[in-house]
Colleague: 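Once you've had a glance at the structure underneath, I'll fire off some questions.
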Amino acid sequence: MVDTIFIGGRVFTGTADAPVEAAVAVGGGRVLLVGDQETVRASAGPDTEVVDLAGGLLMAGFQDAHVHPAFGGGQMLRCDLSAEHSVEGYLAVIAAYVEAHPDKTWVHGGGWSMDVFPGGTPTRQLLDKVVPDRPALLTNRDGHGAWANTLALRLAGLDRDTPDPVDGRIEREPDGTPQGTLHEGAMTLVSEHVPVANAEEAYAGLLAGQDHLFSMGVTGWQDAMIGAFPGHPDNYDAYLRAAGESTLLARVVGALWWDRERGLEQIPDLVERRRTGQVGRFNATTVKIMQDGVAENFTAAMLEPYLDGCGCATANSGISFVEPGLLREAVRQLDALGFQIHFHALGDRAVREALDALAGARTANGVNDNRHHLAHLQVVHPADIARFAQVGAAANMQPLWAAHEPQMDELTIPFLGAERAAQQYPFGDLLRAGARLVAGSDWSVSSPNPLWGVHVAVNRTVPEGEPGEPFLPEQALTLAQALTAYTAGSAWINHLEDVTGTVEAGKYADLVVLDRDPFAGPPEEIGSTRVVRTYVEGRLVHQA
């Protein structure tokens with residue numbers, strides 16, 4: 001039985017480099033027919049819904065290979081700063097939240113951007129102006145730093161004598177007093193005091209995140225952080241509940257968090273969580289290892305030291321969160337157990353350490369189909385580009401970041417230097433060297449809109465506002481390559497390529513309708529494309 005037909009536009013099937021003039025018939029949750037308009041119309045019955053694409057494009061649903069929807073949705077329900085981009089805007093949102101929630105013992109949320117503040121480091125005094133009477137902790141948009149007010153720092157016992165943790169840094173005033181910004185592991189010193197959301201709040205956050213992703217045309221994803229964290233509940237439980245109650249409609253692979261405070265002794269726990277974590281459309285079959293931080297706060301692991309404001313080498317080359325020897329043995333064991341490994345590897349040293357570990361696992365265990373991948377890849381040394389294909393590692397790109405914008409131009413490039421700055425986000429080189437590209441957003445770190453990511457991948461300019469000079473345009477992708485990374489590529493990384501990722505007869509009808517055909521317009525307008533409808537197994541889950 002044909003439930004729905006799509007006519008009046010073109011179809012990007014994902015099996016060719018350009019859309020085709022075709023219509024599509026869907027029934028029983030699957031694509032039944034991709035053919036000419038007349039044949040597809042003839043397949044319709046009296047109860048078949050006819051969707052007129054109105055000149056738009058039908059394609060496979062986007063799949064986000066690195067995203068945090070449970071946390072992003074939870075942030076939407078707390079003090080959410082992500083819609084603003086100014087000090088005044090942030091303070092207004094915080095003040096409104098404080099007034100609306102007098103019962104909250106903590107002001108908790110996040111979404112602020114480092115480039116809004118001098119040096120990327122907001123002060124406690126600034127936050128004290130709007131939250132003087134209760135502790136406040138707000139994480140930044142990339143999740144690698146937090147902004148605390150004076151009461152929060154005091155409650156956590158932080159003062160001028162508090163040492164920096166080995167995996168983080170406390171920004172300080174001239175006399176050593178904590179200034180209000182906490183980087184990486186230093187966040188935990190305060191966040192461990194934040195009340196954890198209860199199970200109902202965590203569940204509501206996951207469903208809110210799912211709805212938001214559906215509005216962006218995302219029908220499946222890999223959650224890159226499954227675990228419990230200070231101030232946050234274990235999203236594993238929220239996923240199991242949603243999967244068991246069939247409210248999780250998307251197809252999700254969960255990446256179980258590697259606790260860098262522990263060692264190899266945690267592997268049996270991960271095995272057990274994998275065993276119990278395969279319910280409905282949720283499969284916790286991956287392990288996430290965060291090998292370094294981010295370049296903006298100088299914690300991304302680099303082969304050479306960062307520069308200072310004068311362009312001179314410092315003594316800091318970032319942090320390898322997992323000691324390389326331990327990393328190699330952990331990866332060997334996890335690979336032998338059949339886990340996929342999802343690395344956070346942003347600096348060139350972290351990328352090399354991850355590739356070295358995968359090479360060692362391949363030597364020890366042989367070739368397999370675990371489909372390991374490295375996410376972010378901000379700086380990749382040219383000598384390591386070809387190694388992705390050699391060790392069978394996919395390049396998990398977050399293309400929205402590969403553009404000139406304040407965080408890049410003011411907080412990154414000056415401290416990397418010209419040579420390393422030219423090695424950032426080398427998507428084109430990786431593809432030409434045979435690496436498989438998959439794509440994600442890292443939401444709530446940045447927008448989950450895949451069309452914005454595709455825009456930047458193609459143009460290497462920001463999707464809104466004045467485009468400016470393209471950022472390393474030789475690393476640009478074609479529109480078909482970028483869309484394929486966000487669909488078939490991410491389906492492959494989630495071991496779903498046999499049933500999703502392209503528009504072909506027999507595959508699930510995980511589909512998205514766009515308001516225009518981006519292949520038919522200028523590349524500069526890709527980012528203006530909007531999602532009109534999103535379907536999962538033929539079920540309409542979003543309509544604009």
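Everything quoted here is computed from the prediction, not taken from an experiment.
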Colleague: More than 12 heavy atoms of other residues, nucleotides or ligands under 6.0 Å from CD of Gln278: yes or no?
Modeller: yes
Colleague: Does the side chain of Trp258 come within less than 4.5 Å of Val322's, by heavy atoms?
Modeller: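 They are in contact (side-chain heavy atoms under 4.5 Å apart), so the answer is yes.
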Colleague: Measure the CD-CZ distance between Gln333 and Arg328 for me, rounded to the nearest 0.5 Å.
Modeller: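 The distance works out to 14.0 Å.
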Colleague: Hey, is Glu200 close enough to Arg241 for a salt bridge, meaning N to O under 4.0 Å?
Modeller: yes
Colleague: Does a side-chain heavy-atom distance below 4.5 Å link Leu355 with Phe388?
Modeller: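 When only atoms from C-beta onward are counted, Phe388 and Leu355 do touch, with a gap below 4.5 Å.
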Colleague: Other residues, nucleotides and ligands only: do more than 12 of their heavy atoms fall within 6.0 Å of CD on Glu265?
Modeller: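 Yes, enclosed.
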Colleague: Is there side-chain contact between Thr285 and Val253, with at least one heavy-atom pair below 4.5 Å?
Modeller: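 In contact.
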Colleague: For the residue pair Pro195 and Thr105, what are the closest heavy atoms and their distance?
Modeller: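 Heavy-atom minimum between the residues: CG-OG1, 3.9 Å.
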Colleague: On the 0 to 90° scale, with breaks at 30° and 60°, tag the Tyr239-Phe282 ring pair as parallel, tilted or perpendicular.
Modeller: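 Tyr239 and Phe282: parallel rings.
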Colleague: Would you call Arg387 and Asp356 a salt bridge, using N to O less than 4.0 angstrom?
Modeller: yes
Colleague: Which word best sums up how the rings of His68 and Phe71 line up, parallel for under 30°, tilted for 30 to 60°, or perpendicular for over 60°?
Modeller: perpendicular
Colleague: Using a strict 4.0 Å threshold on nitrogen-to-oxygen distance, state whether Arg160 and Asp175 make a salt bridge.
Modeller: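 So Arg160 pairs with Asp175 through a salt bridge.
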Colleague: Could you tell me whether Arg362 and Asp335 have a side-chain N and a carboxylate O separated by less than 4.0 Å?
Modeller: no
Colleague: Which distance, rounded to the nearest 0.5 Å, do you find between the OH of Tyr306 and the OG1 of Thr412?
Modeller: 8.5 Å
Colleague: With side chains defined as the heavy atoms from C-beta onward, is the minimum distance between Arg352 and Asp348 less than 4.5 Å?
Modeller: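 No; the side chains remain at least 4.5 Å from each other.
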Colleague: Are the side chains of Phe471 and Met408 in touch, meaning some heavy atoms are under 4.5 Å apart?
Modeller: yes
Colleague: When rounded to the nearest 0.5 angstrom, what is the spacing between OG in Ser490 and CZ in Arg436?
Modeller: 11.0 Å
Colleague: Taking the cut-offs as 6.0 angstrom to the six-membered ring centre and 45 degrees off its axis, would you call Arg460 and Phe427 a cation-pi pair?
Modeller: yes
Colleague: Are any of the side-chain heavy atoms of Phe343 and Glu353 separated by less than 4.5 Å?
Modeller: no
Colleague: Tell me, do Ile319 and Asp292 make a side-chain contact under 4.5 Å, heavy atoms counted?
Modeller: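 Ile319 vs Asp292: side chains apart.
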Colleague: Going by an N to O cut-off under 4.0 Å, is there a salt bridge joining Glu323 and Arg260?
Modeller: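 No, Glu323 and Arg260 are not salt-bridged.
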Colleague: Among His344, Gln222, His342, which residue meets the side-chain hydrogen bond (donor to acceptor under 3.5 Å, both in side chains) test with His66?
Modeller: His342
Colleague: On a heavy-atom basis, which atom in Ile94 and which in Leu81 lie closest, and how many Å separate them?
Modeller: CG1-CD2, 3.8 Å
Colleague: Under a plain distance cut-off of 3.5 Å, with no hydrogens placed, do Thr299 and Asn297 share a side-chain donor-acceptor pair?
Modeller: yes
Colleague: May I ask you to decide if the ring planes of Trp112 and Trp147 are parallel, tilted or perpendicular, using 30° and 60° as cut-offs?
Modeller: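 Perpendicular.
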Colleague: CD of Glu474: more than 12 outside heavy atoms within 6.0 angstrom?
Modeller: yes
Colleague: Measure the shortest side-chain to side-chain distance between Val87 and Leu126 over non-hydrogen atoms and say whether it is less than 4.5 angstrom.
Modeller: yes
Colleague: Pairing donors with acceptors under 3.5 angstrom, does anything connect the side chains of Gln398 and Asp442?
Modeller: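 There is no such pair (donor and acceptor under 3.5 Å, judged by atom type) between the side chains of Gln398 and Asp442.
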Colleague: Going by an N to O cut-off under 4.0 Å, is there a salt bridge joining Arg273 and Asp234?
Modeller: yes
Colleague: How long is the straight-line distance from CD of Gln423 back to CD1 of Ile385, given to the nearest 0.5 Å?
Modeller: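 Going from the CD1 atom of Ile385 to the CD atom of Gln423 covers 8.5 Å.
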Colleague: Does Glu272 pair with Arg274 as a salt bridge, N-O distance under 4.0 Å?
Modeller: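 The answer is no: the pair does not qualify as a salt bridge.
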Colleague: Inspect the contact between Asp164 and Arg172 and indicate whether a charged nitrogen and a carboxylate oxygen are less than 4.0 angstrom apart.
Modeller: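 Salt bridge: yes.
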Colleague: Given Arg78, which partner from the list His108, Lys104, Glu201 fulfils the side-chain contact (heavy atoms from CB on, under 4.5 Å) test?
Modeller: His108
Colleague: Step by step, work out the ring pair (Phe, Tyr, Trp, His ring centres under 6.0 Å) result for Trp401 and His376.
Modeller: CA-CA 9 Å; Trp401 306 342; His376 308 323; 5.3 Å; yes
Colleague: First locate atom CG of Asn149, then atom CG of Leu137, and finally report the distance between them rounded to the nearest 0.5 Å.
Modeller: 8.5 Å
